[in-house]
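Sequence positions, counted from 1, serve as the residue numbers for this chain. Treat the numbers as computed from the prediction; the structure is a model and nothing was measured. Both ligands and their constituent atoms are indexed starting at 1 by order of listing. Hydrogens, waters and symmetry mates play no part in the numbers below; they use all other heavy atoms, side chains included.
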Amino acid sequence: MSMKGVSIGSLVQPDRVHRSLYVDPELFERELDQIFGRAWLYVGHESQVPNPGDYITTQLARQPVIMVRHTDGAIRVLHNRCSHHGSMIAGDRCGHVASVFTCMYHGWTFRTDGSLVGVPVPEDYEGTGFDVRNPRNGLGSVARVHNYRGFVFASLAAEGPEFTQFAGGALLGFDNMIDRAPDGVEVAGDCFRVIQHSNWKIFLENMFDNVHPRIVHQSSARGAKTAQQRFPAGAANHISLETFRLLALDQSFMQRLEIENYPWGHSNMSGFVSPRGQDAEWLAYEAVLRERHGEERAEQILSRNFHHTMIYPSAVLQPSFQQLRIVKPIAVDRTQIDIWLFRLKGAPKIVFRKALSYANGANSPSNMVSADDFESYYRVHQGLAGPGSDWVILSRQMGRDVVENGTVRTRVGSSEASQRNQFQAWRRYMIDEDGDAR
Ligand code: FES
Ligand SMILES: [Fe+2]
């Protein structure tokens with residue numbers, strides 16, 4: 001599709017966006033530079049690298065990176081690219097180096113802060129101008145790194161807002177999940193990984209779409225309702241069944257969800273399912289939190305029921321169930337989602353069992369609800385690929401939002417305020433200072 005002569009700014013209007021945003025390969029390339037190349041993106045959690053030399057690998061926009069704990073105890077985010085001929089230094093998803101990274105191609109070695117240690121046959125470089133002893137010829141570091149209460153974010157751009165200013169109100173969701181943990185949080189196991197055959201933005205929009213569940217997930221909800229009847233009322237391990245059943249409720253339940261939207265495209269959505277129970281083990285957990293935080297604060301933490309917290313464009317957290325989904329765009333019609341589960345340290349086992357049940361039931365690649373969603377993402381992408389009609393309509397509840405200090409608040413769950421906010425951020429990232437990119 002040729003976008004020549006069309007301004008990027010005009011593709012996002014207050015009530016609609018142009019279909020090319022989802023299917024144009026040129027716009028996708030530009031998104032990698034302008035959005036994923038500049039925003040603060042989630043890298044990993046500090047519990048994945050507990051000891052010096054521990055590392056994980058991931059990808060930020062097009063850049064493969066290594067998150068590693070250095071000997072000084074600090075976490076570094078290095079380019080996973082040998083300074084010799086460019087080979088990735090670490091090819092596995094996680095690991096440990098006793099002292100140095102060794103490149104598998106010609107054996108250059110690097111410390112865990114990226115500095116160069118040595119090369120084979122150093123005399124080959126004598127008189128060439130390349131100084132083997134200069135530690136600056138090491139692995140590059142990602143421009144900016146911020147460790148927010150254990151959650152490591154990075155920006156590939158040297159310039160831009162500081163992390164906490166960027167994330168704004170979305171940090172309330174991260175705080176809530178961390179505050180639910182008596183002794184901090186840690187990653188549990190490896191992630192689920194899925195590749196969706198659709199554009200990355202379709203996934204993020206769907207996180208805050210509260211009209212689709214009752215339609216798309218009808219059959220899953222019916223199945224859950226039947227299955228739930230086989231368990232005793234309030235059975236703690238079957239929170240995912242409860243979640244599915246609620247999806248089938250009448251729309252007025254969904255309308256009660258509250259959504260807050262912030263600058264740079266982020267959102268929080270509150271309401272929906274709470275993990276709170278009345279069984280002895282759960283009540284014992286609440287007692288631990290009251291002991292740590294006092295009655296009032298503990299009640300505040302437990303009753304703040306965030307369902308989705310999004311730090312646009314890379315992270316969607318479910319604080320009440322300790323799930324984190326990370327968005328990695330691969331191509332204009334391919335999106336990798338890594339789904340992480342966290343454990344609240346110091347909490348009784350029941351808390352983790354509920355989170356695990358939710359992970360398997362609602363977020364694993366094989367569950368019924370995700371399959372419903374993936375099918376709609378695929379169909380949306382396919383439908384938008386053809387030139388039948390140019391616009392996607394996003395005007396539900398438009399004009400009824402409350403705007404306060406840059407926060408757009410809606411008390412009607414079906415509002416598309418989040419989607420509109422995401423695209424306003426998209427536009428801001430994509431256009432140049434002079435207002436147009438072309
Ligand atoms: S590419 Fe790494 S040592 Fe040559
Ligand atoms: Fe859904």
Between Phe151 and His45, ring centroids under 6.0 Å: yes
Ser220: partners by side-chain hydrogen bond (donor to acceptor under 3.5 Å, both in side chains), with sequence neighbours left out: Asp372
Nearest heavy-atom neighbours spanning Arg420 and Ser415: NH2-OG, 3.6 Å
Aromatic ring pairing His308/Phe208, orientation class (parallel under 30°, perpendicular over 60°, tilted between): perpendicular
Pair Asp33-Arg62, salt bridge (charged side-chain N to carboxylate O under 4.0 Å, His left out): steps then yes or no: CA-CA 9 Å; Asp33 290 334; Arg62 299 183 190 85; 2.9 Å; yes
Face-on cation placement of Lys201 at Tyr22 ring, 6.0 Å and 45° thresholds: yes
2.8 Å shell around atom 2 (Fe) of ligand 1, exclusive bound, protein N/O/S atoms: 2
Criterion salt bridge (charged side-chain N to carboxylate O under 4.0 Å, His left out) on Arg276 and Glu286, from CA distance to verdict: CA-CA 9 Å; Arg276 293 182 89 166; Glu286 296 204 352; 2.8 Å; yes
is_close_aromatic(Phe110, Phe101), centroid dist under 6.0 Å: no
The Fe ion (ligand 2) neighbourhood, protein N/O/S only, threshold under 2.8 Å: His212 NE2, His217 NE2, Asp373 OD1, Asp373 OD2
Side chain to side chain contact (heavy atoms under 4.5 Å, CB included) partners for Val412, two or more places apart: Gln255, Gln397, Thr410, Ser414
